[in-house]
*Asks:* 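Have a look at this one.
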Amino acid sequence: MKTVVLTGGRTNRMLPLTDGYPRALLSIMGKPLFMYPLTSALRATGDKAIVVTSEDVPMGEIVRSVNESGYAASVSVRVQQLPGIEGALLAAAEALEGDEWFMLVYGDVIVEEDAFRRILEVHRGEERPSVLLVPRPDVQAFGAAFVRENLVTRVVESVSGKETSYVVGGAFILPSEFFALLERGLKFFEALNYLIEKIGVYAAYWTGEWVAVDYPWDLINAFYSLTKRKCGLSIAATARVSHTAILEGCVIVDAGATIDHYAVLKGPVYVGRGAFVGKGAFVREYTSIEERAVVGAHTEVKRSVIQPQATVGSFSLITDSVMGYRSVAEPRTTVLSVLPDDYTLSRELPLQGLIGKKKKLGVFVAPHARIKAGSVVGPAVKIYREGKIEGI
């Protein structure tokens, strides 16, 4: 069964990280976001995949990522011409001609391949469309589904209360007739509800790790989820790690990265290809430093994601934050992240179950934006490239 992976489209919810930068290429542990659902689905199905992207996503970067994954022979790329998820699916229709069924996967969902095996198992048992459903306490932040035993009775794009606890988990097995519904002008959820009423749609329940990256801080949760799967000390042969540096726990140092004298890395930590961690830096738990990013000397970083080619200057403190592509925190930047006890957010805060009662959220910095030297910023703010600061 072929898989369709959606990578196009923009969402204001990911701002400022997607201010002029495509969401599909946001990086986690050295890979663009969309590569995780793509490779997990391919391993589960053993078949081919179609990646659908939009014109504002650099095709070359998509193809390069697929080629580097080793799955190039199994993946084709299509550019959608019409808007929305409906346009993306119609772009894939021609490549699926002759197939009775296909799997649809959102490109922004981090989930283990067993989740895809689960939905395949349900589909093969019933020979009906199937939807991955995930129980969540913050169901209001997602598309939701109503169920009766193993059958889906209705899907909605949002709920205001707690009428259901099941989130639509971003994976579907659908019949090829689904395209005809979209061509008739039905929206995606309308077409799903049509199938529910006419032929029945089965629920594939998933209670394992699952992260939908819809908001900037979801990247921190995504890194946590990924390091739970793969953890240990790994240093690439071409990395340079000073003999005075200390690496503790799950630490992955990728090719060409440099860890300078007296730096301390307390995992889970990922240091990407060609990245640099300066002298005396302290990189703490749940930090991902992506390709060619720089952490300056005597700087502390924890529970944060530093996107490719971003720089954190010397003597800084960055916590519970995401630095966008090629952004800069000049030297002596301090991020505050402790939130008031009564602070509420419709979305789950990063790693809340790990850091205890304190609620923490730092800064989220747009691509190419700068934080001036000596600044004290946060908590819970977005910083745009023109310098605008906005609360979350």
Side-chain angles (χ1 to χ4, degrees), residues 14-19 21 26-28 215-224 263-266 268-272 275-278 280-290 293-341 343 345 347-352 354-392:
M14 280 302 292
L15 289 172
L17 297 183
T18 52
D19 181 11
Y21 192 82
L26 290 171
S27 185
I28 290 286
Y215 291 85
W217 49 94
D218 290 331
L219 287 172
I220 301 171
N221 282 333
F223 177 70
Y224 168 67
V264 175
L265 279 63
K266 185 178 179 182
V269 165
Y270 169 77
V271 182
F276 179 82
V277 177
F282 187 15
V283 182
R284 297 181 57 182
E285 302 93 325
Y286 310 111
T287 296
S288 188
I289 302 167
E290 300 297 321
V294 173
V295 172
H298 306 289
T299 281
E300 181 175 345
V301 185
K302 61 180 176 180
R303 296 188 299 269
S304 296
V305 177
I306 314 298
Q307 286 291 295
Q309 302 183 54
T311 298
V312 180
S314 301
F315 298 98
S316 295
L317 171 63
I318 303 291
T319 176
D320 305 287
S321 301
V322 180
M323 296 287 300
Y325 173 73
R326 286 192 170 182
S327 64
V328 177
E330 295 180 356
R332 294 176 285 105
T333 294
T334 299
V335 170
L336 307 177
S337 66
V338 177
L339 299 165
D341 290 341
Y343 184 90
L345 193 68
R347 191 72 157 201
E348 185 181 19
L349 286 164
L351 310 182
Q352 195 58 52
L354 294 176
I355 60 180
K357 294 180 180 178
K358 288 289 184 184
K359 299 177 179 178
K360 296 184 178 181
L361 205 60
V363 298
F364 301 89
V365 184
H368 302 279
R370 298 186 76 90
I371 303 175
K372 292 183 179 179
S375 297
V376 178
V377 293
V381 298
K382 302 175 180 179
I383 299 176
Y384 289 81
R385 68 176 66 193
E386 68 275 20
K388 183 181 75 172
I389 297 178
E390 185 178 80
I392 295 171

*Asks:* Please check this pair: side chain of S304 against backbone of S321, looking for a donor-acceptor N/O pair closer than 3.5 Å.
*Replies:*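 Yes; judged by distance alone, with no hydrogens or angles, the pair exists.
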*Asks:* Heavy atoms only: give me the nearest P379-L361 pair and the separation to one decimal.
*Replies:*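 That closest heavy-atom pairing would be CB-O, 3.3 Å.
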*Asks:* Quick check for you: to the nearest 0.5 Å, what is the distance between L317 atom CG and F282 atom CZ?
*Replies:*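 So the gap between those two atoms works out to 11.0 Å.
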*Asks:* Given the rule in the side-chain contact (heavy atoms from CB on, under 4.5 Å) test, do I220 and V305 qualify, once you have shown the distances and angles that lead to the verdict?
*Replies:* CA-CA 6 Å; I220 301 171; V305 177; 4.3 Å; yes
*Asks:* How long is the gap from OH on Y343 to CD1 on I392, to the nearest 0.5 Å?
*Replies:*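 Reported value, rounded in 0.5 Å steps: 5.5 Å.
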*Asks:* Just verifying a value: how many Å separate I306 CD1 and S327 OG, rounded to the nearest 0.5 Å?
*Replies:*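 Answer rounded to 0.5 Å: 7.5 Å.
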*Asks:* Could you label the plane-to-plane angle of the Y286 and Y224 rings as parallel, tilted or perpendicular, counting under 30° as parallel and over 60° as perpendicular?
*Replies:*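 It falls in the perpendicular class, over 60°.
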*Asks:* Between T319 (side chain) and G362 (backbone), is there a donor-acceptor pair under 3.5 Å?
*Replies:*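 Side chain of T319 to backbone of G362: no pair is present.
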*Asks:* Is there a side-chain contact between L219 and L17 (heavy atoms, below 4.5 Å)?
*Replies:*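 Yes; the side chains approach each other to less than 4.5 Å.
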*Asks:* As a test of understanding, state which of R303, K302, K360 forms a salt bridge (Lys or Arg N to Asp or Glu O under 4.0 Å) with D320.
*Replies:*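 So the option named by the test is R303.
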*Asks:* So which of E290, M323, R326 actually passes side chain to side chain contact (heavy atoms under 4.5 Å, CB included) with Q309?
*Replies:*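 With Q309 as partner, side chain to side chain contact (heavy atoms under 4.5 Å, CB included) holds for just one option, R326.
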*Asks:* Looking at CZ of R370 and OG1 of T333, how far apart are the two atoms once the value is rounded to the nearest 0.5 Å?
*Replies:*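 Between R370 CZ and T333 OG1, I get 10.0 Å after rounding to 0.5 Å.
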*Asks:* Check whether S316 reaches the backbone of R332 with its side chain - one donor and one acceptor, N or O, closer than 3.5 Å.
*Replies:*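 Side chain of S316 to backbone of R332, a donor-acceptor pair under 3.5 Å: yes, one is there.
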*Asks:* Tell me which one of K388, R385, E390, K382 satisfies side chain to side chain contact (heavy atoms under 4.5 Å, CB included) with P16.
*Replies:*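 Only match with P16 under side chain to side chain contact (heavy atoms under 4.5 Å, CB included): K382.
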*Asks:* Quick one: pull up NE2 in H298 and CZ in F315 and give me the separation to the nearest 0.5 Å.
*Replies:*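 With rounding to 0.5 Å, NE2 (H298) is 4.5 Å from CZ (F315).
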*Asks:* If the threshold is 4.0 Å, N to carboxylate O, is there a salt bridge linking K372 and E330?
*Replies:*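 So K372 does not pair with E330 through a salt bridge.
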*Asks:* How long is the straight-line distance from CH2 of W217 back to CZ of F364, given to the nearest 0.5 Å?
*Replies:*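 Between F364 CZ and W217 CH2, I get 6.5 Å after rounding to 0.5 Å.
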*Asks:* Taking R284's backbone N and O only, do any of them form a donor-acceptor pair with K266's side chain (distance below 3.5 Å, no angle check)?
*Replies:*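 Not confirmed, K266 side chain does not pair with R284 backbone.
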*Asks:* Between P350 and N221, what is the shortest heavy-atom contact and its length?
*Replies:*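 Smallest interatomic distance, heavy atoms only, reads CA-OD1, 3.2 Å.
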*Asks:* Within a strict 4.5 Å, meaning less than it, do heavy atoms of the L351 and E285 side chains meet?
*Replies:*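 They are not in side-chain contact.
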*Asks:* To check you understand the geometry: which heavy-atom pair defines the closest contact between A366 and Y384, and what is its length?
*Replies:*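 Taking every non-hydrogen atom into account, CB-CA, 3.8 Å.
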*Asks:* Is any side-chain heavy atom of L26 closer than 4.5 Å to a side-chain heavy atom of Q307?
*Replies:*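 With C-beta onward as the side chain, the pair touches.
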*Asks:* Any idea which heavy atoms bring A281 and V295 closest together, and the distance?
*Replies:*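 The pair with the smallest heavy-atom distance is CB-CG1, 4.2 Å.
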*Asks:* Test side-chain contact (heavy atoms from CB on, under 4.5 Å) on V283 and V271 and set out the steps.
*Replies:* CA-CA 10 Å; V283 182; V271 182; 5.9 Å; no
*Asks:* Are any non-hydrogen side-chain atoms of F276 and I289 less than 4.5 angstrom apart?
*Replies:*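 A side-chain contact is absent here, since even the closest heavy-atom pair is not under 4.5 Å.
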